[in-house]
Amino acid sequence: MIRLDDVSVEKSGSRILSDVSLAFGQGGITALIGPNGAGKSTLLHTIAGLIAPARGRVEVEGVDITRARPPERAHRLALLAQNERVTARLTVRELVGFGRWPHHRGRPREVDRRMIAEALDTFDLTTLAERQLDALSGGQRQRAFVAMAWAQETPWLLLDEPLSALDPRHARDIMDRLHALTRPGAARRSVVIVLHDLGVAARYADRIVALKDGRLVVSGPRVLTMTGAMLSDLFETGLTIERVAGRDVVVPA
């Protein structure tokens, strides 16, 4: 379970998050939504333990994550931040291999090589494994970064806008794969993802955490919380949810 109790975050004297309290258990996809500047990325990095709150407590599976040592955090959750910067001369296999660093600390074992191969297969990258990153399309490159996070083999994957700059086909491909990996089963992962595309949130999210001006607006199952009224208030524009071909779609009111 991830639990935040009365968490506030400040930066350069400005309050970024204010009195955020929420909790949700493992499994499924939790989407962080809200307008620009709402504090979504700050919340994600706070959950990851990279930002210490000015007040409050953040727990991941009962552990105060801000007090946990980096190796312990790296075994509990994997964070894929925006605009990850790595040299374009790396191959896909080498990039995905970075996800195993918390496990082998520079001395890869057979289990690490096996997990790298499994990550490549899971994200349909096996045939691209020896290609350098600068030879990939944008969608392939982003899939490789997500595979790197997945290879870290943590129960929680924290993804900060992994769909930005992707066309609809590649965005759907990544979300289809993440959705499949969060379904019940022995290899199930739990995903917390920052999303700007409300259509993607409506289609894939199991839970919604909505933020506005650094404050929590609502948190809970998508089918209960993601309503036209809530979205209209959150984004200060008329929005409604309609059922199209068996799926919820967000459209202007």
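Basis for what follows: all heavy atoms, side chains included, without hydrogens, waters or symmetry-related copies. Since the model is a prediction, treat every value here as computed from it, not as a measurement.
The minimum heavy-atom distance between R15 and S8, with the atom names listed, is NH1-OG, 3.4 Å. Of all non-hydrogen atoms in V60 and I47, the two that sit nearest each other are CG2-O, 4.0 Å. Residue L211 comes nearest to A38 through the heavy atom pair O-CB, 3.4 Å, listed as atom of the first residue, atom of the second, then distance. Between T46 and P53, the shortest heavy-atom contact is CG2-CD, 4.4 Å. Heavy atoms only, all atoms of each residue included: A144 and L95 are closest at CB-CD2, 3.8 Å. Considering all non-hydrogen atoms of both residues, L216 and S219 come closest at CD1-CB, 4.2 Å.
No salt bridge links D248 with R203; every basic N to acidic carboxylate O contact stays at or beyond 4.0 Å. Between R183 and D206 there is a salt bridge, with a side-chain nitrogen of the basic residue lying less than 4.0 Å from a carboxylate oxygen of the acidic one. Using a 4.0 Å cut-off between charged nitrogen and carboxylate oxygen, R114 and E118 do not count as a salt-bridge pair. Using a cut-off of 4.0 Å between Lys/Arg side-chain N and Asp/Glu carboxylate O, R177 and D173 are scored as salt-bridged. Under the 4.0 Å criterion applied to side-chain N and carboxylate O atoms, R100 and E153 are assigned as salt-bridge partners. A salt bridge is absent between R76 and E61: the closest approach of a Lys/Arg side-chain nitrogen to an acidic carboxylate oxygen does not fall below 4.0 angstrom.
Clustering of Ile, Leu, Val, Met, Phe, Trp and Tyr by side-chain heavy atoms under 4.5 Å joins V251 with V244, V249. Through direct or indirect side-chain contacts shorter than 4.5 Å among Ile, Leu, Val, Met, Phe, Trp and Tyr, L224 is connected to V223. In the hydrophobic clustering, where aliphatic and aromatic side chains (Ile, Leu, Val, Met, Phe, Trp, Tyr) are joined below 4.5 Å either directly or transitively, V250 groups with I33, L198, I208, V217, V218, M226, M230, L231, L234, F235, L239, I241.
Not counting sequence neighbours, H45 has no partner by the ring pair (Phe, Tyr, Trp, His ring centres under 6.0 Å) test. In terms of the side-chain contact (heavy atoms from CB on, under 4.5 Å) criterion, residue partners of P71 (sequence neighbours excluded) are, by chain and number, R69, R105.
Inter-residue side-chain proximity for D112 and M115 is flagged as unmet; no heavy-atom pair is nearer than 4.5 Å. At a threshold of 4.5 Å between non-hydrogen side-chain atoms, the residues E94 and V92 do not count as touching. Put simply, the side chain of S164 does not reach to within 4.5 Å of the side chain of H196, judged on heavy atoms. Using a 4.5 Å heavy-atom cutoff, the side chains of V20 and R215 are not in contact. A heavy-atom distance below 4.5 Å is not found between the side chains of L159 and V192. Contact annotation: the side chain of I174 never approaches that of F123 to less than 4.5 Å [non-hydrogen atoms, C-beta and beyond]. L133 is not listed as a side-chain neighbour of R89, based on a closest heavy-atom distance of 4.5 Å or more.
A distance-only check finds a donor-acceptor pair linking the side chain of D197 to the backbone of G199 [under 3.5 Å]. Without hydrogens or angle criteria, Q142 side chain to L166 main chain gives no donor-acceptor distance under 3.5 Å. Side-chain N or O atoms of R55 include none that pairs as donor or acceptor with a backbone N or O of V7 at under 3.5 Å. At distances below 3.5 Å, not a single donor-acceptor pair connects side-chain atoms of T91 with backbone N or O atoms of R131. A donor-acceptor contact shorter than 3.5 Å links the side chain of K40 to the backbone of P35. Judged by distance alone, with hydrogens and angles left aside, the side-chain atoms of K212 form no donor-acceptor pair with the main-chain N or O of G39 at under 3.5 Å. Between the side chain of R3 and the backbone N or O of E59, no donor-acceptor pair lies under 3.5 Å. Remark: the backbone N or O of A149 is not paired with any side-chain donor or acceptor of Q152 at under 3.5 angstrom.
No continuous path of hydrophobic side-chain contacts links F145 to W101 [ILVMFWY only; heavy atoms under 4.5 Å]. Under a hydrophobic-cluster definition in which Ile, Leu, Val, Met, Phe, Trp and Tyr are linked whenever side-chain heavy atoms come within less than 4.5 Å, directly or via other members, L32 and L50 are assigned to the same cluster.
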Test side chain to side chain contact (heavy atoms under 4.5 Å, CB included) on M175 and R172 and set out the steps.
-> CA-CA 5 Å; M175 290 307 302; R172 180 174 179 175; 5.8 Å; no

Take Y204 and L178, measure what side chain to side chain contact (heavy atoms under 4.5 Å, CB included) needs, and give me the verdict at the end.
-> CA-CA 9 Å; Y204 293 100; L178 291 174; over 6 Å; no

Determine, stepwise, if the pair L80 / L157 fulfils side chain to side chain contact (heavy atoms under 4.5 Å, CB included).
-> CA-CA 8 Å; L80 179 60; L157 293 179; over 6 Å; no

Step-by-step side-chain hydrogen bond (donor to acceptor under 3.5 Å, both in side chains) determination, S21 to D6 = CA-CA 5 Å; S21 294; D6 199 28; 4.9 Å; no

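Rounded to the nearest 0.5 Å, atoms CG (L181) and OG (S190) are 11.0 Å apart. Distance CZ/R73 to CG/L79: 10.5 Å, rounded to 0.5 Å. T66 OG1 to R57 CZ: the interatomic distance, rounded to the nearest 0.5 Å, is 7.5 Å. In this structure, CG on L120 lies 5.0 Å from OG1 on T126, to the nearest 0.5 angstrom. With values rounded to the nearest 0.5 angstrom, Q140 atom CD is found 9.0 Å from D124 atom CG. We find the CG-CZ distance between L22 and R207 to be 10.5 Å, quoted to the nearest 0.5 Å.
For R189 and W156, the positive end is not near the middle of the six-membered ring at less than 6.0 Å and at most 45° from its axis.
Side-chain contact, S41 with Q82: a donor N or O sits under 3.5 Å from an acceptor N or O. Side-chain contact annotation: H179 with D176, donor-acceptor N/O pair under 3.5 Å absent.
Within the structure, the ring-ring contact (aromatic ring centres under 6.0 Å, His included) test picks out the following pairs touching residues 55-79 (sequence neighbours left out): H75-H103.
Other residues, nucleotides and ligands contribute over 12 non-hydrogen atoms within 6.0 Å of the CZ atom of R243.
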